[in-house]
Amino acid sequence: MHSFVYRANALLTFAVTILAVMCAMASFSDNLNVPSPTAEVQVLNINWFQKHPNGNDEVSLTLNMSANLQSMFTWNTKQVFVFIAAEYETPLNSLNQVSLWDGIIPSKEHAKIWIHTTNKYRFSDQGSNLRGKEFNLTLHWHVMPKTGKMFADKIVMTGYRLPDEYR
Amino acid sequence: MGFSGKAIELARQATSLGVLVSSVLIMWKLWTLLSGSDSPVVVVLTGSMEPGFKRGDILFLHLNKSPIRSGDIVVFNVDGRDIPIVHRVVMVHEQRDTGEINFLTKGDNNPYDDRYGGIYANGQLWLQQRDVIGRIIGFLPYVGWATIIMIEKPIIKYLLIGILSLLVISSKE
């Protein structure tokens, strides 16, 4: 009962169990954090707005976003993945979500963001329903921990509208 | 110890081994049930979701009927590929009358979405809810390396089984 193998086995099992408990506690501590992010997105310009030969509308816009996501970071946070999506409905689809821009915030110091950019990904529709379309812009964030449970949430900003005519 | 004594000892060891194996099986099946997915854990095999998920990390899955929304990180299978892929949903179109959802995925670290980047099957434009094995809800770093090593260098797997069998046999004495 006191051979090397038994002792090594007991030690290893104990070590792994302790490690698992520590990971669980670290993850649990994230629940105590209440994030209070702020964000503001403006559509500065509609650069162009066309209908493709395949029948799908596409629009290019320039966005300006300022946001403060510092309250999301805990000691157990590896990074926060942020993205802006346009949400709208059409006669065919009750919900459309199109991701326009995304970024990774590696640490709390980088969490006060200000970006001015054209959409990183194409804003295109399934069909040609975008003329005069009212849409929401949502800022989503995904808190990716060093270990454990991931948290995701979003802020919805309403009141945006695409032009009535192609340009 | 007579012959019957030895037989009892053997039976005792076989029973405790059986109890151990079945309790592990029960816990695994319970986990599968609670997570709603056939494989509640996956190992990250590629670098397409770095720096968030690195090769060798373990991801915990959960599957329920709630509709896929953009931002979800999903695990899915593509026809013709044997390993499941873990990417983020970037575009969602939900049809009004059928409720059917078509969505597009992209790896955080990939320059192009999965349609343009050749991940989907030829001519496939969208994924459907039924392609999804599960949604990622949690993660543990580094633990998956044991699995990767055993898959990529099977000799290590045989070596390990060999050593363990040797230990079990030798401990009976």
Side-chain angles (χ1 to χ4, degrees), chain A residues 1 3-6 8-9 16 19-20 23-24 26-27 30 54 78-104 106 120-127 129 138-154, chain B residues 44 49-54 57-62 67-73 87-113 115-116 125-126 135-143 146 163-164 166-171 173:
Chain A
M1 262 306 168
S3 73
F4 174 74
V5 174
Y6 276 113
N9 182 42
V16 170
L19 197 62
C23 284
S27 180
D30 279 345
N54 62 12
K78 183 199 294 197
Q79 67 180 36
V80 173
F81 184 88
V82 199
F83 69 97
I84 298 176
E87 274 182 23
Y88 60 96
E89 51 165 16
T90 65
L92 176 66
N93 294 330
S94 56
L95 175 67
N96 300 280
Q97 293 177 317
V98 182
S99 176
L100 300 178
W101 173 88
D102 58 30
I104 290 178
K120 190 172 175 186
Y121 304 114
R122 308 171 71 140
F123 186 167
S124 62
D125 184 30
Q126 247 186 356
N129 305 294
T138 48
L139 178 71
H140 294 245
W141 60 85
H142 217 122
V143 179
M144 295 161 88
K146 295 199 174 103
T147 160
K149 182 165 167 236
M150 303 199 303
F151 297 86
D153 206 346
K154 62 183 184 184
Chain B
V44 179
M49 285 292 281
E50 284 189 19
F53 302 145
K54 294 196 164 59
D57 292 342
I58 285 206
L59 303 175
F60 298 103
L61 271 60
H62 185 77
I68 301 286
R69 291 289 177 247
S70 71
D72 290 348
I73 305 181
H87 282 169
R88 194 185 296 270
V89 174
V90 292
M91 203 188 279
V92 170
H93 292 291
E94 176 170 339
Q95 275 183 11
R96 202 177 279 281
D97 39 5
T98 62
E100 187 184 313
I101 301 183
N102 285 332
F103 62 94
L104 181 66
T105 54
K106 173 183 175 294
D108 287 349
N109 205 26
N110 288 346
Y112 304 115
D113 59 47
R115 183 199 297 164
Y116 197 72
L125 296 175
W126 305 102
R135 242 177 276 212
I136 306 292
I137 53 166
F139 133 104
L140 271 184
Y142 308 123
V143 183
I163 294 177
L164 283 172
L166 230 68
L167 283 175
V168 168
I169 296 174
S170 63
S171 72
E173 299 185 43

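Every chain is numbered from 1, with letters handed out A, B, ... down the list of sequences. Small disclaimer: the values here were computed from a predicted structure and weren't measured.
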Can you name the nearest heavy-atom pair linking B/I136 to A/M150, along with the distance?
O-CE, 3.5 Å

The interface call for A/P91 against chain B, heavy-atom contacts under 4.5 Å, is backbone

Choice from A/E89, A/H140, A/Q126 maximising heavy atom contacts with chain B below 4.5 Å
A/Q126

Is any side-chain heavy atom of A/Q97 less than 4.5 Å from a side-chain heavy atom of B/V89?
no

Side chain, backbone, both or neither of A/K146 within contact of chain B (heavy atoms, under 4.5 Å):
backbone

Heavy-atom distance under 4.5 Å to chain B: side chain of A/F123, backbone, both or neither?
neither

Could you tell me the separation between the OG atom of B/S70 and the CD1 atom of A/I84, rounded to the nearest 0.5 Å?
12.0 Å

Contacting region of A/I104 [heavy-atom separation from chain B under 4.5 Å]:
side chain

Would you check if A/N93 and B/E94 make a side-chain contact, meaning some heavy-atom pair closer than 4.5 Å?
no

Flag the one option from B/F60, B/F53, B/F103 with the top tally of heavy-atom pairs under 4.5 Å to chain A.
B/F53

Does a side-chain heavy-atom distance below 4.5 Å link B/M91 with A/Y121?
no

Please state whether the side chain, the backbone, both or neither of A/Q79 comes within less than 4.5 Å of a heavy atom of chain B.
side chain

Looking at every non-hydrogen atom in both residues, tell me the closest pair between B/H93 and A/D125 and how far apart they are.
CE1-OD1, 4.3 Å

Rounded to the nearest 0.5 angstrom, the CZ-NZ distance for B/F139 and A/K149 is 15.5 Å

Given side chains that start at C-beta, do those of B/Y116 and A/R122 come closer than 4.5 Å, heavy atoms only?
no

Region of B/D113 that comes under 4.5 Å of a non-hydrogen atom in chain A:
neither

With only heavy atoms counted, which part of B/P51 is less than 4.5 Å from chain A, the side chain, the backbone, both or neither?
both

Sort A/S27 into side chain, backbone, both or neither according to what part of it lies under 4.5 angstrom from a heavy atom of chain B.
neither

Mind checking the CE-CD1 spacing from A/M144 to B/I73? Nearest 0.5 Å is all I need.
4.5 Å

A/A85, part contacting chain B, at a heavy-atom distance under 4.5 Å
side chain

Contact origin within A/K78 toward chain B - heavy atom pairs under 4.5 Å
side chain

Taking side chain as everything from C-beta outward and backbone as N, CA, C, O, which of these in B/R88 sits under 4.5 Å from a heavy atom of chain A? Side chain, backbone, both or neither.
side chain

